[in-house]
Peer 1: 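Can you read through this structure? Questions will come right after.
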Amino acid sequence: MTGSPTARAAAQFSAAPLAILGAEPRFEENLHIGRPNVGDRDHFLRLVNEMFDRRWLTNVGPLSLELEKRVADYVGVEHCVAMCNGTIALEIAVRAAGLSGEVIVPAYTFVATAHALQWQQITPVFCDMDPRTHQIDPAKVEELITPRTTGIIGVHVWGHPCNIEALTEIAERRGLKLMFDAAHAFGCSHKGRMIGGFGLAEVFSFHATKFFNTFEGGAVTTNDAEFAKRLRLMRNFGFSGLDEVAHAGTNGKMSEVCAAMGLCGLESLDSVIEVNRRNYHLFREGLGDLPGVSVFEYDEAESNNFQYIVIEIDPERCPLNRDELVGVYHAERVLARKYFWPGVHRMEPYKSFFPQAGLLLGETERVAARVMLLPTGTQLDPGGVATLCDIARQAIQHAGEVRTALQRMLPDLQKSSEASATPPTDADAERS
Ligand SMILES: *Cc1c(COP(=O)(O)O)cnc(C)c1O
C-alpha cells in the first residue's frame with residue numbers, strides 16, 4: 001500500500017510538521033539507539049598493522065594485555081580479564097564463583113543477565129525494582145532467598161549504581177556471593193569510586209552498541225587474585241601450561257583486533273562522554289516541561305557515561321502514552337525503543353517457567369510499560385537533539401490528531417516495529 005490518503009487529508013488541516021500526520025519524516029535515514037562510537041581510525045589501523053607484523057592475532061596477545069592493564073587502571077581494580085563478549089564474561093564469572101541452584105537478579109535488565117545463568121542450569125529468580133531509580137530493590141531481594149539461593153547479581157541499569165551497600169549487607173549476612181552486571185556502567189562511579197571494584201566481581205560489555213566498544217567484547221574486573229586466576233583458566237579451556245589442563249573451561253578470549261579497537265576507544269572516551277553529557281542536558285531542557293514526560297536523572301556528583309537517554313511517560317499526565325510516542329518517532333525514522341520491554345520474566349524460557357512472575361513484579365511491569373529510549377551519542381548534534389525534542393512537543397500538542405492517525409496506521413506501524421524488533425543491544429544500523 002502506498003501512502004494513506006486519509007492521513008494525508010488530515011495533514012492538510014494540521015500545522016504540525018509530523019510524519020504521522022503526513023509530513024515528510026524529519027530524518028532522511030533511520031536514527032538508531034546505540035549507533036557505535038568510533039575512535040581514531042588511523043590509530044586503529046596502525047595498531048592492526050603492527051598486529052599483522054607480529055602475526056599474533058589472539059590468545060592473550062600484547063594488545064589485549066595492554067587493554068586489560070588500561071581498563072584495570074581506569075576503574076581502579078587489581079585485575080581485569082578481557083573476554084570475547086559480555087555474555088560469556090558473565091557466564092565465566094558465574095561459573096568461577098561457583099554459583100548453582102538459584103541466583104537473584106532484577107527482571108528489569110537485558111535478557112543476557114538471566115541467560116548467563118540459565119545457560120548453565122542455574123535458575124534466575126526475578127526481583128522487583130525501586131521505580132525511582134529503576135534498580136533492583138534490596139528489600140525484595142531478601143524475601144526471595146531460599147535454601148537453594150547461592151548468589152545475587154545486581155545490575156547497574158543505565159549506568160546508575162544499584163544499591164550496592166544494601167546488597168552487600170544482605171549477601172554477607174546470608175552467606176551469598178555478590179556480583180554485578182556492569183554492562184551499562186563503564187566510566188560510572190558510586191560514592192566517588194569507579195564501578196568495577198564492587199562485590200566479588202563486576203562484568204562489563206564492550207559490544208558495538210555500548211558507548212565504549214571493542215566490536216564484540218567484555219571484561220570481568222575483580223580485586224580477588226584467586227578469582228582472577230580461575231577466570232583466566234576458564235577463559236582459555238582451563239590450560240595452565242602448554243599441555244596441561246587444570247580446570248574445566250571454555251573459549252572466552254578477546255582477539256587482538258578487538259583489543260586494538262578498545263585501545264583506540266579509550267583515547268576518545270572522555271570526548272564521547274562529553275558529547276553524551278551535552279546531549280543529556282539538551283534533552284532535559286527540551287523535554288523537561290512536557291506534561292507527564294520525564295528524563296531519567298543521573299547523579300552528576302558522580303562520574304557518568306550518559307549513554308542512555310531514558311524517557312518515562314506517565315500515562316495519567318501525558319496526553320499520549322509511551323507506545324503512541326514510539327509510533328510517532330518511528331514515523332520520523334527515529335527508532336526509539338521500549339526498554340526493557342516486556343521485562344525478562346515475560347521472555348522465553350522464563351515466561352513458561354514462571355507464568356505468574358508478573359504478580360511479584362508490579363513496579364517492573366509498570367515501569368517497563370512507561371519507558372522508552374531515544375538516540376544519543378556522537379551521531380547526534382545539538383540540532384538533532386532539538387529536532388527529537390520538537391517531535392515530542394508537536395505530538396503532545398496535537399495529541400488528538402496524532403492518536404487518530406496512529407489508529408488508522410496501526411497495521412503498518414506494527415509491521416515496521418516487528419521488522420526492527422532485534423534484541424536491544426543489536427539495534428545498530430550496521431546489523432538491522
Ligand atoms: C549488553 C548487555 C549484556 C551483554 O553483553 P554482550 O557484550 O552484548 O554479550 C549483558 N547485560 C546487560 C545489562 C547488557 O546491557
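Indexing begins at 1, ligand by ligand and atom by atom, following the structure's order. Here, residue 1 is the first one in the sequence, and each next residue gets the next number. Just so it is clear, the structure is predicted and the values come from calculations on it, not from any experiment.
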Peer 1: Atoms of ligand 1 less than 4.0 Å from His207 heavy atoms?
Peer 2: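 Those atoms are 7 (O), 8 (O).
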
Peer 1: Tabulate below the donor-acceptor pairs under 3.5 Å that side-chain atoms of residues 294-304 make, not counting sequence neighbours, or state none.
Peer 2:
from, atom 1, to, atom 2, distance (Å)
Tyr298, OH, Tyr308, O, 2.6
Asp299, OD1, Ala301, N, 2.9
Glu300, OE1, His281, NE2, 3.1
Glu300, OE2, His281, NE2, 2.7
Glu302, OE1, Ser189, OG, 2.5
Glu302, OE1, Lys191, N, 3.2
Glu302, OE1, Gly192, N, 3.0
Glu302, OE2, Lys191, N, 2.7
Asn304, ND2, Asp299, O, 3.0
Asn304, ND2, Glu302, O, 3.2

Peer 1: With a 4.0 Å cut-off on heavy atoms, does Lys210 reach ligand 1?
Peer 2: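 The answer is yes, since Lys210 has a heavy atom less than 4.0 Å from ligand 1.
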
Peer 1: Quick check, are the ring centers of His134 and Tyr108 under 6.0 angstrom apart?
Peer 2: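 Yes, close enough.
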
Peer 1: From the options Thr109, Val111, Asp181, select the one whose nearest heavy atom is closest to atom 11 (N) of ligand 1.
Peer 2: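 It is Asp181 that holds the nearest heavy atom.
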
Peer 1: So which heavy atom on Leu178 is nearest to which on Phe180, and how close?
Peer 2: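 Of all heavy-atom pairs spanning Leu178 and Phe180, the closest is CD2-CZ, 3.6 Å.
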
Peer 1: Can you list the residues that meet the salt bridge (Lys or Arg N to Asp or Glu O under 4.0 Å) rule with Asp53, with sequence neighbours excluded?
Peer 2: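 Not a single residue meets the salt bridge (Lys or Arg N to Asp or Glu O under 4.0 Å) criterion with Asp53.
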
Peer 1: For ligand 1, which atoms, with element, lie under 4.0 Å from some heavy atom of Phe110?
Peer 2: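 Matching atoms, with element in brackets: 2 (C), 3 (C), 12 (C), 13 (C), 14 (C), 15 (O).
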
Peer 1: Checking the N or O distance criterion of under 3.5 Å, is ligand 1 in contact with Thr87?
Peer 2: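 Yes, since at least one N or O of Thr87 sits under 3.5 Å from an N or O of ligand 1.
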
Peer 1: Is there a heavy atom in Gly217 that sits closer than 4.0 Å to ligand 1?
Peer 2: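 Flag set, Gly217 near ligand 1.
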
Peer 1: Hey, is ligand 1 close enough to Gly86 that some N/O pair sits below 3.5 Å?
Peer 2: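 Yes, Gly86 has an N/O under 3.5 Å of an N/O on ligand 1.
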
Peer 1: So is His184 polar-close to ligand 1, meaning N/O to N/O under 3.5 Å?
Peer 2: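 In this structure, His184 places an N or O atom under 3.5 Å from an N or O of ligand 1.
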
Peer 1: Between atom CG of Asp137 and atom SG of Cys162, what is the distance when rounded to the nearest 0.5 Å?
Peer 2: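 Interatomic distance, Asp137 CG to Cys162 SG, rounded to 0.5 Å: 11.5 Å.
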
Peer 1: Work out which heavy atom in Leu320 is nearest to a heavy atom in Ile313; give both atom names and the distance.
Peer 2: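 Here Leu320 and Ile313 meet closest at O-CG2, 3.4 Å.
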
Peer 1: Go through ligand 1 atom by atom and flag the ones less than 4.0 Å from a non-hydrogen atom of Ala112.
Peer 2: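 Answer for ligand 1: 4 (C), 10 (C).
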
Peer 1: For the pair Arg278 and Glu274, find out whether any cationic side-chain nitrogen is under 4.0 Å from an anionic carboxylate oxygen.
Peer 2: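 No, this pair does not count.
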
